[in-house]
Amino acid sequence: MSYIGAKELKASDIRRFDVTGSTSATHTLTWSAPTEQSLIVTINGVKQHEDAYSVSGTTLTLTSALVSTDKLEVIGINDIGTTITPAEGSVTNDHISTSAAIATSKISGLATSATTDTTNASNISSGTLPVDRVPYVRGKNLIINGAMQVAQRNSTQTGITGAAQFVIDRMRTSFTLGTGAYTLNHSTDAPEGFANSYHIDVTTAMTLGGANDGCGMLQQFEGQNLQHLKKGTSNAEDLTLSFWIKSTKTGTYIVELYDNDNTRQIAKSYTVNSSDTWEKKELTFPGDTTGSLDNDNQSSLWVNFFFAAGTTYTSGTLNTSWASHVNANRAVGQVNALDSTSNNIYVTGIQLEVGDVATPFEHETYGETLAKCQRYYQSFGGGSTYDNYAGRSYGTGSAFWSVPLSVPLRTSPTLTFSGTLRLFGSSGFSDSTSLSVYGYDSGRGLITINSTAFSGLTDNRSYNASYIGGTAAVMKLDAEL
Amino acid sequence: MEHMNIESAKYGLDMDGNPNTITAVIEGVIMSVPLNPANRHYVEIMKQVEAGELTIAEADE
């Protein structure tokens with residue numbers, strides 16, 4: 001009860017009940033009494049000990065029945081109770097049990113179906129939680145170097161007319177241009193939040209004279225990194241591709257996913273609306289219930305961006321559902337974005353993720369992305385560091401020497417060498433330009449190089465191998481897909 | 001989809017005299033390619049060999 005200076009915590013009142021002329025031991029109160037102690041029971045004015053009666057709810061039972069002349073009087077306190085609503089914002093984490101199971105329907109922003117599919121971003125999107133507030137998920141982006149940060153080979157390459165060229169790591173040119181040519185740049189032109197982009201600067205206009213002519217950019221994925229896509233099962237995951245593009249040529253462009261293990265393909269179109277303006281695009285590809293991906297280190301899936309395509313790739317109907325590969329259905333509607341030397345194409349911020357919603361781009365540190373790229377390409381030398389590696393001779397003209405790798409390579413790499421390798425020993429030195437990979441097991445952090453065409457070596461002796469030629473002396477190890 | 005320009009190819013030998021590499025000129029660059037089916041250059045060389053477009057020369061003894 002309240003009193004002056006005290007806040008009322010709950011309401012109550014005093015009840016009275018009396019009986020005369022009864023010969024019964026059982027009586028029904030007009031309120032529900034919680035305990036015997038909450039009652040004062042008198043018979044003919046004499047207070048009864050609590051042992052003389054019991055109460056259950058509204059039923060009062062005396063140990064002995066009344067006689068007709070008895071006067072029974074019962075006084076009790078009846079708690080009415082009231083609802084106390086905590087002030088808004090006053091309930092803190094400390095007041096919530098760690099084992100509390102809060103219904104998803106009570107969490108603003110989650111759709112009710114989130115109970116069974118809490119990772120489905122569409123549930124969140126359909127609620128009130130904006131997609132850009134989705135918790136940051138590491139490793140969601142299947143694309144390596146999607147922000148175009150890393151370009152180990154060089155920053156520009158001129159005169160590109162064909163396929164399988166790399167400037168920016170993991171981003172490979174696809175198709176043969178025929179009549180056209182372009183310079184590929186590691187550009188600093190990028191939308192807000194990015195520092196680099198993949199840049200095609202057309203230097204010879206492409207006329208699409210041959211049916212097989214085309215131009216594109218692709219990234220390939222190892223099958224062992226894609227098993228969570230559950231491709232080829234009834235639970236195959238949708239994939240959503242998002243990216244930024246800035247192109248001089250407006251109109252329809254095509255992106256395809258290509259299943260290299262099962263020669264299956266699906267394509268989606270998008271529109272470049274404004275010339276030379278950064279635009280973000282989002283495309284969702286349904287999961288493919290046919291054709292599982294090999295669980296190995298070889299090429300299983302491609303993302304292929306078309307920028308131009310000849311009739312070999314455009315004469316059919318665009319294949320917007322997963323189906324067996326038919327060239328004519330791959331790039332129907334694609335504009336020729338290389339039809340003028342005034343044209344430029346920039347791409348960056350590429351993200352391919354599981355689900356049907358494009359979430360914010362997963363930014364990585366340069367070091368994280370570099371390490372991922374070095375699984376596919378590493379270079380050594382090319383500076384003034386005078387790297388030295390331990391080796392040994394065999395015969396008088398050959399030697400092995402070992403190079404520690406930054407990260408293990410995907411597979412035994414192709415070796416390209418420019419400059420001179422000098423072998424230093426106790427009796428002097430000898431030079432060679434003939435290098436090859438002697439052997440490499442995937443997963444090792446060391447690779448053994450074989451070099452020949454030396455002269456005057458002593459068999460089975462220790463030598464130091466060093467690159468000679470400054471920036472021109474570079475050994476490149478290519479394990480790209 | 002693509003066709004690497006491979007001008008020449010020649011086997012290289014390991015220290016026991018067995019072929020273990022192919023030295024090839026690919027897109028105008030001399031490359032040492034391991035005999036590994038997971039290597040993209042080796043795959044392309046063998047594709048062109050099977051198509052009769054390329055012959056791999058024997059190694060120098």
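Quick note on labels: first sequence line is chain A, next is B, and so on, each numbered from 1.
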### Task
Give, as side chain, backbone, both or neither, the part of Asn36(B) having an atom under 4.5 angstrom from any heavy atom of chain A.
side chain
### Query
Is it the backbone or the side chain of Phe400(A) that comes under 4.5 Å from a heavy atom of chain B, or both, or neither?
side chain
### Query
Looking at Ile26(B), Ile30(B), Asn39(B), which one has more heavy-atom pairs under 4.5 Å with chain A than the rest?
Asn39(B)
### Message
Counting heavy-atom pairs under 4.5 Å with chain B, which one of Ser418(A), Ala479(A), Gly162(A), Pro413(A) comes out on top?
### Response
Pro413(A)
### Message
Could you tell me if Arg153(A) sits above the aromatic ring of Tyr377(A), with its cationic atom closer than 6.0 Å to the ring centre and no more than 45 degrees from the axis?
### Response
yes
### Asp478(A) versus chain B, the contacting section by heavy-atom distance below 4.5 Å
both
### Task
Applying side-chain contact (heavy atoms from CB on, under 4.5 Å) between Arg40(B) and each of Gln220(A), Glu480(A), Gln298(A), report the one that passes.
Glu480(A)
### Query
How about Ser32(B) and Thr23(B): does a side-chain donor come under 3.5 Å of a side-chain acceptor?
no
#### Entry: Region of Ser398(A) that comes under 4.5 Å of a non-hydrogen atom in chain B
neither
### Query
Which of the residues Phe417(A), Tyr394(A), Tyr438(A) is involved in the greatest number of heavy-atom pairs with chain B at under 4.5 angstrom?
Tyr438(A)
### Message
Looking at Val407(A), is its backbone amide N or carbonyl O close enough to the side chain of Gln378(A) to form a donor-acceptor pair, meaning the two atoms are under 3.5 Å apart?
### Response
yes
#### Entry: Pair Asp296(A)-Gln224(A), side-chain donor/acceptor within less than 3.5 Å
no
### Message
Has Tyr463(A) got a side-chain atom pairing as donor or acceptor with Thr458(A)'s backbone, closer than 3.5 angstrom?
### Response
yes
